[in-house]
A.B. asks: 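After the structure tokens below, expect a handful of questions from me.
Order of the sequence lines fixes the chain letters, A, B, ..., with proteins taken first and strands second; residue numbering starts at 1 for each chain.
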Amino acid sequence: MDERYDPKKIESAWQAEWERTQLYLTCEDPGRPKYYVLEMFPYPSGAGLSVGHLHNYVPCDVIGRYKRMTGHNVLHAMGWDAFGLPAENEAILKGSHPTETVPRYAANFKRQLTISGCAYDWTREINSSSPDYYKWTQWFFLLLHKRGLAYRATGTQWWCDKCRTILANEQVVNGCCWRHTDTPVGKKDLEQWYIKITDYADRLLGDLDAIDWPEPIKLMQRNWIGRSEGAELAFPVAGRPGKEVRFFTTRPDTVFGVSFMVLAPEHPLLNEIITPEQRAKIEAYAAEARRQSEIERMSTVKEKTGVFTGAFARNVFTNKDIPIWIADYVLMGYGTGAIMAAPGEDERDFEFATKYGLEIPRVTASSEAAAPPSDRAFTEHGVAINSGFLNGMPTQKAIATVCKYAIDNGIGRATVSYRMRDWLISRQRYWGCPIPMVYCKGACGIVPVPENQLPVLLPPMKEYQPSGTGRSPLANVPEFVNTTCPKCGGPATRETDTLDGFACSSWYFLRFASPREDRAAFDRKAVDYWLPVDLYVGGAEHAVMHLLYARMWTKVMFDAGLINFKEPFPVLRNQGVVWAPDGQRMSKSKGNVVTPDAMIDKYGADSLRLWELFMSPYDEATNWNESGVAGTQRFIMRVWTMVRRYAEAGAPAGTPSNETLKRAHKTIATVTDHIERLRFNTALATLMDHLNYLAKLKPGELDRFSTETFVVMLAPMAPYVGEELWHAMGHDKSVHLESWPKFDPALVRDETVTIVIQISGKVRDRIEMPVGSPEDEVRERAMASEAVQRHLAGKTPKKFIYVQDKMLSIVI
RNA sequence: GCCGGGGUGGCGAAAUGGCAGACGCAGAGGACUUAAAAUCCUCUGGGGGUAAUUCCCCCGUGCGGGUUCGAGUCCCGCCCCCGGCACCA
């Protein structure tokens, strides 16, 4: 054993050895419980991995190694989320090509992960942009299509001038493109593919209750799905037989107070109902709303505006004709694109009615006797007034009564509305998975590519940049576009859009179970064995989109009988963001990316890993601070010294002192508990504390049990040093194949405890007592204390509160 | 504006309602050394009392209240920081 710790020397040697012995190769083994730990797979960027990435990968690696030591068969693999905007945009920016950059960047990530000592089974590496992967992404799209969950629709979509492409609703941030936050988006009409995720809204919502996820993430998903109960009703358009305005309301009990209606400016009914005098004004307003920057239209501070259509609807409850307006605050994308306005009970309707001098009936009050406030809407639940057959009913009952009345009279029904919209999955981009659809020029229409013709290969293209026409660059490749109809054999064209990158990441967790399977997306037996994922870890920025899409696809697969579970990730945790030392996001453009390479070169991979674990709770955000790495390196050197002293003393096999033994068992108990709860920082602190004790022992007192269990517990966190020291202690087998040490509960228990004595809540003394001492004995000892007597100052205690083995509180 | 998370020494942070600051970083002093580095030892929230760094007291977890024998932790009201969402009928 070398006198000094030299990370460069041991790290490359052990890497080669682990490679040679295929230490991390994983196979199904029915004899052992499985454990599948998965990090959200990264997009391989040219900036390389940062120390921020490792704040996710190192803890997961520790869990993987720990679980292996506790007898689990662990699946821990890595892949690349390589298709999509980020990879394409980065390649464009550098004037290179994603087919060249992606493999290069991925190889660099792999190299960085390997030198960081992360134990992945690299034989399972996957890449979402390789044909043997995206063949099955296409297959899943066809599955969705077959099950009626993929459909084509014309949508008015956001358009970014800089990206020269269409954006999904989710990609519009504050009215600007999410990638060019200074570029307000415009609009373009296109026919595109949608995934009917709304069909799964209720299950996506309901099943949240059964999974172990951080509550804030669940809440964000609930809010995103945005379920609201209410009624869908219809009022006829006055003087237009057969025409009606359908609308959704959460407050059907206020129908008697509906004094006007508002349609979205894009509402298709408009053209048929507006009066000639109003047409010019309406069209100008609608054009304005459409052209308006979304910042303006969505601004909450902006005063409400609207235009009267000239048309009226018949409120079938009051039998009054009420004016129909349009306003940009009513959105076509939610509900039916039309609302009933009950200005007495809704704040926005109140504001609108006040501005335009519309009637404000009052139909809800806190009680039948009370008058509603005159200066604002009464939005709370209460009692119906001025409401015909609803009068006197509390809001809940009135809602139910109106819903029943609506069904009986053919006006509408109780229903549920969702805020979540269907997933627009088409991208007018080159770097994505081609959508396997064909448009027959004959009579067959839209025809799916037969499964045996998959994959539809992405054609090589030199000039792959968005064309700026709104069409995908693939439209410029005639050999790709022109094909024959799979049904009739006649001339046909291919779909030229590619799939949203989120499609690739909606099933990749299945692929790791059988990554080389070429007859199916996955091998059923392997998936039955490995899935669902036992621990899924990633950033909170994926709270809604990725995690909702992956959950939905899983449910579709379950429904299709392909898998036997409904939730892909029963346990989810979020790692905290590591900000740059300056408190900003690490990015290449800001020049503040700290790479693991630099840290490994300076301190060694194990020191870096320990600092990643130690610097903060893994799920909390923190600023990167290099000075701590020197501290964890110092810790490793002290462990090194301890083991060397142990080895030089001839690896004493003798019995340790009672105190040493107790400390060793307590350390095992605490470290185990903290790792199980992913409290890596305190797990390591416990080991440091234990080392502080062991390092003070004389060489002959350093016993085998304490020293060996220490190294075994350190090994998952610092795999190189763990391995080196384990071998230095005379073992031949890898430490990473050892069993996690067990503790003796009898040795963890203490015989005596320190009991805190408080007087009026202030600590005044501490006494040592045998564990389980009865209260009267503790009281007696406490009252005998000189400090207690001094603070009592002759007063008689009124009351004693005793917490067993912890504290005695004296109240005076 | 709404929703969520957070605010503890010079810094990163500990603490099932029960000894606030474990474990580290940085700093100070000392040992070793010709010297330095490394290493090891000691000290390190603020204020005060005392012969006493070792004994004792007071204050202290963003601010103001409250519950409790006891609050960093629970409740109410504010301030600030971070993230998400944007008139959701």
A.B. asks: Would you please confirm or rule out a distance under 4.0 Å between OP1 or OP2 of B:G24 and any side-chain N or O of A:Asn692?
C.D. replies: yes
A.B. asks: Work out how far the C1' atom of B:U68 is from that of B:G62, and round it to whole angstrom.
C.D. replies: 23 Å
A.B. asks: Counting distance alone, no hydrogens or angles: does the base of B:G70 have a donor or acceptor under 3.5 Å from a partner atom on the side chain of A:Gln758?
C.D. replies: no
A.B. asks: Go through the N and O atoms of the side chain of A:Arg766 and the base of B:C19, and report whether any donor-acceptor pair is under 3.5 Å.
C.D. replies: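 Pair found.
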A.B. asks: Please check the phosphate of B:C40 (OP1 and OP2 only) for any side-chain N or O of A:Arg638 closer than 4.0 Å.
C.D. replies: yes
A.B. asks: What is the base-pairing partner of B:C63, counting Watson-Crick and G-U wobble geometry with both distances under 3.5 Å?
C.D. replies: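 Its partner is B:G77.
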A.B. asks: Go through residues 804-812 of chain A and report each residue with a non-hydrogen atom lying under 4.0 Å from RNA chain B, sorted by number.
C.D. replies: A:Lys806, A:Met807, A:Ser809, A:Val811
A.B. asks: What is the base-pairing partner of B:G9, counting Watson-Crick and G-U wobble geometry with both distances under 3.5 Å?
C.D. replies: none
A.B. asks: Does a side-chain N-to-carboxylate-O contact under 4.0 Å join A:Arg222 and A:Asp209?
C.D. replies: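 A salt bridge is present here (some side-chain N lies under 4.0 Å from a carboxylate O).
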A.B. asks: Suppose we define a pair by two distances each less than 3.5 Å, Watson-Crick or G-U wobble; what does B:U39 pair with here?
C.D. replies: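 Answer to the pairing question: B:A31, which forms a Watson-Crick or G-U pair with B:U39.
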A.B. asks: Closer than 3.5 angstrom, by distance alone: can the side chain of A:Asp346 be matched with the main-chain N or O of A:Asp349 as a donor-acceptor pair?
C.D. replies: yes
A.B. asks: Can you check whether A:Ser228 has a side-chain N or O nearer than 4.0 Å to OP1 or OP2 of B:A89?
C.D. replies: yes
A.B. asks: Need to verify one output field. Residue with the more 5' nearest nucleotide on RNA chain B, A:Met340 or A:Arg764?
C.D. replies: A:Arg764
A.B. asks: Is A:Glu345 reaching over with its side chain to a backbone N or O of A:Val363, donor-acceptor style, under 3.5 angstrom?
C.D. replies: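 Yes.
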A.B. asks: What nucleic acid atoms does A:Asn681 come within less than 4.0 Å of, heavy atoms only: base, sugar-phosphate, or nothing?
C.D. replies: sugar-phosphate
A.B. asks: Determine the Euclidean distance between corresponding C1' atoms of B:G45 and B:G9; express it in Å to zero decimal places.
C.D. replies: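 To the nearest whole Å, 5 Å.
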A.B. asks: Taking any heavy-atom pair under 4.0 Å as a contact, classify A:Lys762: base, sugar-phosphate, or nothing.
C.D. replies: sugar-phosphate
A.B. asks: Please name the nucleotide paired to B:G18 by Watson-Crick or G-U wobble geometry with both distances under 3.5 Å, or report none.
C.D. replies: B:C69
A.B. asks: Judged by each residue's nearest nucleotide on RNA chain B, which is more toward the 5′ side, A:Pro216 or A:His791?
C.D. replies: A:Pro216
A.B. asks: Please give the distance between the P atoms of B:U44 and B:G24 as a whole number of Å.
C.D. replies: 15 Å
A.B. asks: Please state whether the phosphate of B:C85, meaning OP1 or OP2, lies under 4.0 angstrom from any side-chain nitrogen or oxygen of A:Arg419.
C.D. replies: no
A.B. asks: Ion pair present between A:Lys218 and A:Asp212, side-chain N to carboxylate O less than 4.0 angstrom?
C.D. replies: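 Salt bridge: no.
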A.B. asks: Side-chain N or O of A:Arg679 less than 4.0 angstrom from OP1 or OP2 on B:A15?
C.D. replies: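 Indeed, a polar side-chain atom of A:Arg679 lies that close.
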A.B. asks: Mind checking the P distance from B:G70 to B:G60? Whole angstroms is fine.
C.D. replies: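 Result for the P pair: 15 Å, nearest Å.
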A.B. asks: Has A:Arg551 got its NZ or CZ under 6.0 Å from the middle of the six-membered ring of A:Trp224, at an angle within 45 degrees of the ring axis?
C.D. replies: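 No, A:Arg551 does not sit over the ring of A:Trp224.
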A.B. asks: Taking a pair as Watson-Crick or G-U wobble with both distances under 3.5 Å, which nucleotide is matched to B:G4?
C.D. replies: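 Its partner is B:C82.
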A.B. asks: Could you tell me if A:Asn223 and A:Arg419 have a donor-acceptor pair between their side chains, going purely by distance under 3.5 Å?
C.D. replies: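 No, no side-chain donor-acceptor pair sits under 3.5 Å.
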A.B. asks: Just by modelled atom types, is the A:Asp2 backbone N or O under 3.5 Å from a matching donor or acceptor in the A:Trp640 side chain?
C.D. replies: yes
A.B. asks: Does the structure show a Watson-Crick or G-U wobble partner for B:C87, both distances under 3.5 Å? Name it, or say none.
C.D. replies: none
